[in-house]
Amino acid sequence: GVSLTPSTYRAPGLVFTGNSVADTRYFGFEIDQTVGVLVHKNSVETTDYSSVYILRSDDARITKNAVDAFGFVARREEVTWPWDVEQSSGIFCDVGTVRARIQSNEVTGTPG
């Protein structure tokens, strides 16, 4: 297949602040191919997998977020994506994430 976005590309300067995300399929925030992203003072609850999922990103700042109740895919009637539920977490850094600063977040509750 043809890749539209090169694997080396990083979107600069994205800011997610003051949002409330609840009862989502997949992730609350999926941060992919960014540089210098800020995820700050958000509330994320009841997600299928991880609440904040970061991959292929440089210098991400994940601060002062409230995360509760993640990994709820097992409670859905229909599973739409074969994700390893053992890897569901409040905040998850995956392949290609470098220099992430994750500070002063509150992760509560138990996985679904």
Side-chain angles (χ1 to χ4, degrees):
V2 175
S3 176
L4 299 177
T5 305
S7 62
T8 56
Y9 175 77
R10 299 292 182 266
L14 298 173
V15 176
F16 300 91
T17 186
N19 299 288
S20 179
V21 179
D23 195 29
T24 64
R25 296 304 292 231
Y26 308 106
F27 309 103
F29 289 95
E30 182 176 2
I31 308 300
D32 189 5
Q33 288 187 270
T34 66
V35 61
V37 67
L38 173 64
V39 181
H40 179 72
K41 288 190 177 180
N42 297 287
S43 170
V44 185
E45 63 181 68
T46 318
T47 59
D48 277 0
Y49 306 111
S50 297
S51 295
V52 179
Y53 178 60
I54 309 146
L55 70 159
R56 296 182 296 253
S57 291
D58 305 338
D59 301 309
R61 292 171 293 158
I62 314 300
T63 60
K64 296 186 178 180
N65 297 286
V67 172
D68 188 32
F70 48 86
F72 271 73
V73 69
R75 295 186 181 191
R76 303 276 189 195
E77 292 178 17
E78 178 183 327
V79 176
T80 57
W81 186 259
W83 178 263
D84 181 359
V85 295
E86 296 297 319
Q87 293 188 24
S88 293
S89 60
I91 300 170
F92 185 85
C93 291
D94 209 340
V95 66
T97 300
V98 296
R99 295 180 304 276
R101 288 173 284 171
I102 301 169
Q103 346 174 199
S104 302
N105 297 284
E106 183 177 337
V107 179
T108 58
T110 57

Linked hydrophobic residues, Val15 as query - side chain contacts closer than 4.5 Å: Leu38

Student check: side-chain heavy atoms of Phe16 and Val37 closer than 4.5 Å: yes

Sub-4.5 Å side-chain heavy-atom contact between Phe70 and Val44: no

With sequence neighbours excluded, residues passing side chain to side chain contact (heavy atoms under 4.5 Å, CB included) with Ala22: Glu45

Path from Tyr9 to Leu55 over hydrophobic side-chain contacts below 4.5 Å: no

Interatomic distance, Phe27 atom CZ to Phe92 atom CZ [nearest 0.5 angstrom]: 8.5 Å

Which residues share a side chain to side chain donor-acceptor pair (under 3.5 Å) with Thr63, sequence neighbours left out: His40

Test side chain to side chain donor-acceptor pair (under 3.5 Å) applied to Arg61 - qualifying residues, sequence neighbours left out: none

Distance (rounded to the nearest 0.5 Å) between Ile102 CD1 and Ile62 CD1: 6.0 Å

Straight-line distance of Ile91 CD1 to Ser51 OG, nearest 0.5 Å: 8.0 Å

Pairs flagged by side-chain hydrogen bond (donor to acceptor under 3.5 Å, both in side chains) wherever residues 30-39 is involved - sequence neighbours left out: Asp32-Arg56, Thr34-Ser57

Nearest atoms (heavy-atom pairs only) where Ser88 meets Gly71: CB-CA, 3.9 Å

Spatial distance of atom NZ (Lys64) from atom CD (Glu106) [nearest 0.5 Å]: 12.5 Å

Pairs meeting criterion salt bridge (Lys or Arg N to Asp or Glu O under 4.0 Å) with involvement of residues 9-24, two or more places apart: Arg10-Asp58, Asp23-Arg76

Shared hydrophobic cluster, Val98 / Ile54 (ILVMFWY, side-chain heavy atoms < 4.5 Å): no

Side chain to side chain donor-acceptor pair (under 3.5 Å) partners of Asn105, counting only residues at least two apart: Asn65

Note, Tyr53 side chain near Thr47 side chain (heavy atom, < 4.5 Å): no

